[in-house]
Each structure stands twice: as structure tokens, then as C-alpha cells.
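A short worksheet on the structure shown next.
Sequence lines set the chain letters: A, B, ... in the order given, protein chains first and strands last, and positions in each chain run from 1.
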Amino acid sequence: MFGRRRPGAGGASRPAADARYGRAGAGRARAPVLSRPHGRQSGLPGVVGLRPAGGGALRGLCRGAAADAQRRAGGHVRRRRARRRGHRGRTGQRTVRTGDAGGSGAGRAPVDADALRPHPPGGSGPSAGSHRIRAGGLARRRVHAIFPRSPGAASAAPPFRVSGKGIGMADIAKRSVDYNRWYQDVIQAAELADNSPVRGCMVIRPNGYAIWENIQRILDAKFKELGHVNAYFPLLIPKSFLAREAQHVEGFAKECAIVTHHRLKQVTENGKTTVIPDPESKLEEEYVIRPTSETVIWDMYRKWIQSYRDLPILINQWANVMRWEMRTRMFLRTTEFLWQEGHTAHATAAEARAETLQMLEVYRWFAEEILAMPVITGVKTANERFAGAVETFSIEAMMQDGKALQAGTSHDLGQNFAKAFDVKFQDAAGKVEHVWATSWGMSTRIIGALIMTHSDDEGLVLPPRIAATKAVIVPIWKNEEEMAQVCAAADGLAAQLRVAVGPVHVDRRDNMRPGWKYAEWERKGVPLRIELGPRDLAGQQVMMVARHDRKKEAVGFQQLAEAVTSELARIQQDLFDRAVTRRRENTHVIDSWEAFTGLFDGPGGFAECHWCGDGDCEKAVQEKTKVTIRNLPLVRDETPGACVHCGKPSIGRVVFAQSY
RNA sequence: CGGGGCGUAGCGCAGCCCGGUUAGCGCGCCUGCUUCGGGAGCAGGAGGUCGAGAGUUCAAAUCUCUCCGCCCCGACCA
């Protein structure tokens with residue numbers, strides 16, 4: 001994810017990773033990330049001989065298989081046609097998009113977007129003598145006046161903007177029927193993102209951005225704990241910079257947006273006024289919108305580094321980047337995306353390698369502990385290496401359709417960029433040498449992975465640790481008096497819960513019924529729902545319902561904070577366990593080509609196979625089956641065997657899968 | 001960038017083939033009343049440059065051309 005694959009030849013065998021830093025398996029036992037590994041990584045034996053790979057990249061043939069799967073299941077296009085036909089052919093019966101028995105949609109209740117917005121104090125005061133509460137805009141404002149939003153409640157305002165029902169109301173396609181459609185539907189239904197007027201770019205909506213903010217907050221804290229600092233480098237990169245590192249330019253040249261002018265000019269043609277780039281403002285040196293920042297950063301590092309005393313430099317940047325992709329998908333591949341890119345400079349190769357592995361471990365920790373997403377840490381093959389890297393490491397996750405998704409990468413850049421940008425330092429002995437570099441990144445793509453790891457046919461499912469709203473309280477009432485009592489109690493409980501578990505929202509909208517609210521919060525992935533009605537109030541208890549398994553439990557007011565805390569922990573663990581189980585069930589040790597093609601013609605998943613280490617052999621597999629080597633796990637079976645494709649000797653198993 | 005599909009109200013769609021009053025329907029939205037423990041009911045109402053631009057025509061959502069966008073497939077990739 002961090003970078004372009006290196007298009008050209010790979011290096012010879014590289015030192016392998018220290019197994020300490022990788023967790024390949026379900027990895028309940030975690031390697032702590034708390035301290036920087038000190039000392040050198042001694043040279044380690046090759047994980048597998050990574051041979052020089054041939055030139056041009058061979059790319060994601062993997063899509064075809066997904067397409068097949070989709071065709072099998074009845075694809076998008078067919079679905080649409082069916083809908084159209086349905087309208088024409090069947091008398092009066094509309095074609096319903098999913099299995100919703102509601103059909104006519106008669107059962108949809110109204111929702112008011114305004115209900116949760118703070119109302120201006122003026123003009124919303126209760127008017128004496130009026131007791132009309134429930135209906136109508138004005139009356140609704142009175143409700144808010146009766147129950148003013150407390151400062152506490154306001155500060156814990158939901159990241160979910162409660163929108164009108166018209167938005168995100170589309171039924172969600174079933175995963176089993178149309179996985180791609182389902183993915184898009186979930187994003188729409190949970191209001192995570194929307195298409196923008198700019199091709200291939202998305203608008204990240206508040207619900208989606210809240211997830212990104214949590215990702216930023218948690219990762220940023222971890223980076224800083226490990227000694228990194230943040231900085232910001234410019235969006236525009238002089239075109240010539242890209243050309244400095246041969247592999248790098250080859251990797252990125254095809255998808256750069258280029259700034260050529262600095263001024264627009266109004267022109268009127270056939271009575272229409274429009275704007276064009278002013279020919280007189282053409283730039284002498286054109287700029288490239290960064291596809292990644294290695295070049296600008298290393299140009300600066302040259303100025304900042306003279307002696308070993310200036311090292312290491314451990315800088316991270318939170319930024320947007322742009323890669324002109326042919327085909328885009330929300331979060332997974334957009335023309336512009338947000339990410340974090342770390343760029344470090346070191347005095348020794350060993351230190352750089354240690355940093356690379358340390359950050360890989362950070363990503364592993366983050367994916368597994370925070371996102372409840374099990375990942376395989378490993379080394380990329382030469383074919384899949386970042387353009388300009390000596391070695392690329394990745395974390396790979398399995399999505400619910402069995403395909404792999406690279407969720408974070410960490411690169412050992414060796415001295416490639418130091419040489420390209422002439423960054424040298426003098427060591428303690430007075431010797432001048434190029435510095436050693438790393439870079440590592442995680443992007444908004446991880447949100448796509450998060451969606452595809454946990455969500456279900458009802459909508460988004462979020463692990464509590466990354467969810468912006470941990471729980472939502474739905475008060476239930478029949479009349480004004482009950483409403484007052486129930487809402488007051490809900491506010492009190494919410495205040496306690498906020499202290500215990502963080503953001504909690506009280507959904508006091510009075511224009512929709514509880515059932516509607518349940519469905520809405522489920523779509524939006526809030527991990528826990530707490531129902532509180534008059535009967536509960538009488539018994540001093542609530543009903544607590546988990547989003548992911550709908551487990552329902554009555555909890556007394558006194559035990560609530562504790563119960564919610566432990567229930568959120570249970571949810572977090574369940575989601576992780578569920579994902580681990582799914583991965584295990586869809587991971588197969590495969591030793592014959594027949595079994596290999598059988599797996600990927602059929603259900604798909606991960607295949608642990610022997611591989612000879614030859615890049616051409618890897619490409620041949622890809623061309624035949626659309627399956628690629630995801631990585632060479634840091635912890636893996638190193639029993640010798642025969643390559644699953646060509647039969648040549650192999651010194652260990654690697655992970656094959658179709659990928660996003 | 002090649003192949004296919006689709007752009008009509010916030011969402012989902014009909015109308016287009018065969019050009020002709022004020023462009024319809026469901027949901028949502030607004031107003032009122034009744035409702036409220038799993039997606040409420042009735043009544044009234046608002047909302048449209050028919051993706052954009054040219055062209056043909058007395059007349060274009062409808063026919064022609066160009067462009068833009070979205071979706072699927074291929075190529076490419078985080």
C-alpha cells in the first residue's frame with residue numbers, strides 16, 4: 001500500500017527478518033512494541049532466495065476471478081437489468097433489490113435530520129401553554145428546550161450526523177450474492193463516504209472521517225512513543241526529482257498528475273465564458289503532485305544531515321497523495337488518498353533494517369489489537385517490492401471473500417535514495433558514507449479492509465477500539481411524561497458511560513420509533529446498543545445488545561458501566577476471533593498444482609505453498625491463475641519442498657492469494 | 001485506455017423504441033392528527049436546468065453527434 005511495486009529487478013538475497021518482530025499467525029501472543037530494538041540486527045540468512053525479477057510488472061490479473069465469482073452469483077449488471085425488467089414485465093410488482101419482504105417499502109418511518117442538531121437558543125424557547133411535543137418542527141424544538149443538551153452531551157456529540165432517512169436507506173446487497181455491491185452499499189448505508197465530482201476521488205464523510213481520526217490518533221501516539229516526530233512536506237514535487245531514483249520513477253511515472261500552469265484565463269467563445277490555463281503562465285519546471293514523498297524529503301535530508309550526530313532522523317508525515325489510477329474503489333483505491341508516511345535516516349544498515357521491522361510490528365499490532373484484523377507479516381517478493389526499496393515488508397489480511405488485502409507496508413530503502421539525492425554523513429571515525437533509509441505507510445485503504453473484515457449483511461460492524469461511538473442509548477417512551485423520565489435517566493447513564501468507555505450517544509429523536517433507530521445504528525456499526533424504556537426504568541435496568549451477534553442482556557443501572565466495559569471487550573475479542581477462524585478455515589496447505597488451481601477456481605482463500613524463489617515462475621502463476629504471492633511470512637514453515645508450480649526446490653512456504 | 005451497462009426530484013425507478021398539453025410512480029422530505037419495546041397510519045403539501053453541450057424539427061426526456069460522470073469486465077495498482 002505504501003508504494004508502487006518496484007518494476008525492475010530485485011536485489012539478491014536479503015537478510016531475513018528477525019522473527020521476533022513478526023507474528024504470522026493468529027498471533028494472540030504479541031510481541032511488544034514498546035521499546036526500540038537496540039543493537040544491530042546481525043546478518044541473517046535469506047528467507048528465501050529472492051532472485052532478480054524480470055522487467056515489466058505483471059499486474060492484478062486477480063480481478064478476473066472475482067468477476068467470475070460475481071458472474072456466478074449474479075452480477076451488478078444483471079441485477080440492474082432484472083430490476084428494469086421487473087418493472088416492465090411484472091404487473092405492478094416492483095422488483096425489490098434485496099430480500100426485503102417489505103417490498104413496497106411501506107414500513108419506513110420518518111427521520112428528522114434536525115432532531116439532533118443543536119438549535120439556536122433564540123427562537124427555540126418553550127412557549128408557555130404548549131404541550132405539543134412530538135410532531136412538527138416547532139414542537140420538536142420545544143422538546144430540546146425541555147431537555148437542553150448538557151455541555152457534557154454536547155462535547156460527546158456523536159460523530160454520526162444523524163441524517164434524514166432518505167440517505168443511505170438503500171437496502172444492502174447480500175455478501176453472498178454480490179460482494180462488490182455489498183461493499184459499496186455498506187459504505188453508503190453507514191455514510192462513510194460519497195463519490196465526488198472529481199473522477200476517482202471520494203468525499204470522506206463525517207462517519208468515515210471519524211474512523212480515520214481514530215486511526216490517526218492511535219498510530220500517531222505509537223509513532224511518538226517510539227521517538228518519531230511529525231513534519232509536513234509540500235504537495236508539489238519538482239518533476240525532475242522523480243527522475244533521480246531510477247526504480248522510483250519507473251514505478252510512478254505512469255500515474256502522476258502534473259501541474260503545468262499557475263493561472264487561469266477567462267475566455268469567451270460563442271457567447272459562453274469559460275476558463276482555460278493561461279498559456280503565458282506555463283511553468284518552466286512543472287510540478288508533480290506527490291504520489292509519495294521520498295524525493296522531496298530526501299532532498300531536504302541532504303541539507304539536514306552532515307554527521308552521525310544528526311542521525312537518526314525519524315520523521316513522519318500525515319498527508320494526502322495522488323496516484324492516477326485507472327480504476328478506483330472507495331477507500332481501497334482512490335486517486336487521492338490520505339495516509340501517513342514515515343521516512344527515517346540511519347547511520348547503519350542494521351539500524352535501518354531494525355526500524356523497518358519495528359514499524360512493521362507497529363502495523364501488525366495496530367491491525368490486530370485495534371482493528372481486530374489478523375494479519376500475516378512478511379517480506380514481499382522482488383516483483384512486488386516498492387519502487388526504490390531494497391526490501392519491502394507488508395501485513396496482509398484476508399477479506400471475507402477470501403481475497404488478500406495489503407494493509408500496511410514498511411520498506412528498507414538501503415542507500416538508494418541517499419545515493420540518488422547525495423545524502424552523506426561523516427561517522428565517528430571520520431569516514432563519509434551515504435545514509436541508510438526506511439519508509440513506511442498506512443493509508444485510508446485500511447478503512448476498506450476494516451469494512452470487509454467485520455461487516456455483515458446488516459451493514460457496518462466496527463470493533464469497539466476503533467469505533468467513534470462506542471454505544472448508543474435508545475430511549476423508549478409513549479408520552480411526554482415518559483419521555484422526560486426516560487431521557488433524563490438515559491442522560492445520566494450516558495454520562496457515566498462516557499467516563500468508562502468514551503463517546504456514547506443518546507438518540508432522543510422524537511420523530512422515529514425505536515425499531516427504526518435500532519436498524520439505523522446497526523447499519524452504522526455502533527458496537528453496542530442500550531435500550532431504555534419505561535419498563536426498564538421501573539426495574540432500574542437496561543437492555544444491552546451487541547451489534548455483531550445481537551446478543552441481548554438485561555443489565556442493572558448499578559452494573560452498567562462495568563457491563564458495558566466488559567461487553568465492549570468481548571466484542572473486540574469476538575471480532576478478532578471470528579476473523580482468525582475465518583482465515584484459518586480458508587487457508588490451505590497446498591502441494592500440487594491441481595489442488596492449487598482447484599482452490600482458486602473454486603472458493604479461493606490463502607494457499608500456503610512451496611515456491612522456488614524465481615520471479616518468472618511467480619509471474620507465470622499469476623498469468624495462469626490471477627494469484628500472486630502475498631508475502632513470505634516472517635514466521636513460516638521452512639521445511640524444504642518442491643515449488644507448487646515448477647517443482648524446483650524450495651526452502652519454505654509462502655502465501656498465495658488473489659488480492660485487492 | 002479498450003469492451004459493456006447506466007445517468008429523469010434526496011433515494012429507487014417508469015416514460016424514450018414510435019418526438020406532441022402543466023414529465024409520472026414508490027420511498028424519503030414538509031405540515032397536521034393518531035402512534036411509539038424491532039424499520040407506524042391517515043390526510044394535505046413542497047420538490048425536476050430529464051448528466052452537459054451542440055444538432056435535426058413547427059415541436060426533443062424521446063432522434064443524431066460530442067463530451068462528462070458512475071457501475072461491471074479487461075489493462076494498471078496501495
Over how many whole Å does the gap from [X] atom [atom1] to [N] atom [atom2] extend?
{"X": "A/W182", "N": "B/C71", "atom1": "CH2", "atom2": "C1'", "value": "18 Å"}
{"X": "A/D536", "N": "B/G37", "atom1": "CG", "atom2": "P", "value": "13 Å"}
{"X": "A/D510", "N": "B/A40", "atom1": "CG", "atom2": "C1'", "value": "15 Å"}
{"X": "A/I215", "N": "B/A78", "atom1": "CD1", "atom2": "P", "value": "20 Å"}
{"X": "A/W521", "N": "B/G37", "atom1": "CH2", "atom2": "P", "value": "18 Å"}
{"X": "A/R327", "N": "B/C72", "atom1": "CZ", "atom2": "C1'", "value": "7 Å"}
{"X": "A/R181", "N": "B/C11", "atom1": "CZ", "atom2": "C1'", "value": "12 Å"}
{"X": "A/I530", "N": "B/G38", "atom1": "CD1", "atom2": "P", "value": "18 Å"}

Starting from the 5' end of RNA chain B, give me the residue, A/L532 or A/F331, whose nearest nucleotide shows up first.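 On the 5' side of the pair lies A/L532.
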Of A/V321 and A/C201, the one whose closest RNA chain B nucleotide lies more 5':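 Whichever sits nearer the 5' end wins; that is A/C201.
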Establish whether the base of B/G38 is bridged to the side chain of A/E522 by a donor-acceptor pair shorter than 3.5 Å.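 Side chain to base: pair present.
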B/G37 OP1/OP2 closer than 4.0 Å to side-chain N/O of A/R513: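 Yes, because at least one side-chain N or O of A/R513 sits under 4.0 Å from OP1 or OP2 of B/G37.
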For A/R199 and B/G69, is the shortest distance between a side-chain N/O and OP1 or OP2 below 4.0 Å?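 For A/R199, the contact criterion (side-chain N or O under 4.0 Å from OP1 or OP2 of B/G69) is met.
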Which residues, if any, of residues 547-555 of chain A bring a heavy atom under 4.0 Å of RNA chain B?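 The stretch gives A/R550 as the residues lying under 4.0 Å from the strand, ordered by number.
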Who is the Watson-Crick or G-U wobble partner of [N], with both distances under 3.5 Å?
{"N": "B/C6", "answer": "B/G69"}
{"N": "B/C1", "answer": "B/G74"}
{"N": "B/G55", "answer": "B/C63"}
{"N": "B/C33", "answer": "B/G41"}
{"N": "B/U49", "answer": "none"}
{"N": "B/U21", "answer": "none"}
{"N": "B/G28", "answer": "none"}

Please name the residue in the list A/K517, A/R529, A/R547 that meets the salt bridge (charged side-chain N to carboxylate O under 4.0 Å, His left out) test with A/E522.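 By the salt bridge (charged side-chain N to carboxylate O under 4.0 Å, His left out) criterion, A/E522 pairs with just one of A/K517, A/R529, A/R547: A/R529.
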Could you list the residues that satisfy side-chain hydrogen bond (donor to acceptor under 3.5 Å, both in side chains) with A/S293, not counting sequence neighbours?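 For A/S293 the side-chain hydrogen bond (donor to acceptor under 3.5 Å, both in side chains) partners, ignoring immediate neighbours, are A/Q317, A/E341.
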Please report the distance separating the P of B/A23 from the corresponding atom of B/A61, rounded so that it comes out in whole Å.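 It works out to 9 Å between them.
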Taking it one step at a time, do A/W212 and A/W318 satisfy ring-ring contact (aromatic ring centres under 6.0 Å, His included)? CA-CA 11 Å; A/W212 183 240; A/W318 290 95; 5.8 Å; yes
Minimum-distance nucleotide to A/M326 side chain [options: B/C72, B/G37, B/C76]: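 Per side-chain heavy atoms of A/M326, the pick is B/C76.
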Base, sugar-phosphate, or nothing for A/G200, non-hydrogen atoms under 4.0 angstrom?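 Sugar-phosphate, no base atom in range.
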A/H343 and A/F417: aromatic ring centres closer than 6.0 Å?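 No - the distance between ring centres of A/H343 and A/F417 does not fall below the 6.0 Å cut-off.
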Could you tell me which residues satisfy side-chain contact (heavy atoms from CB on, under 4.5 Å) with A/A253, sequence neighbours excluded, listed by chain and number?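 Scan of A/A253 (side-chain contact (heavy atoms from CB on, under 4.5 Å), adjacent residues dropped) gives A/V249.
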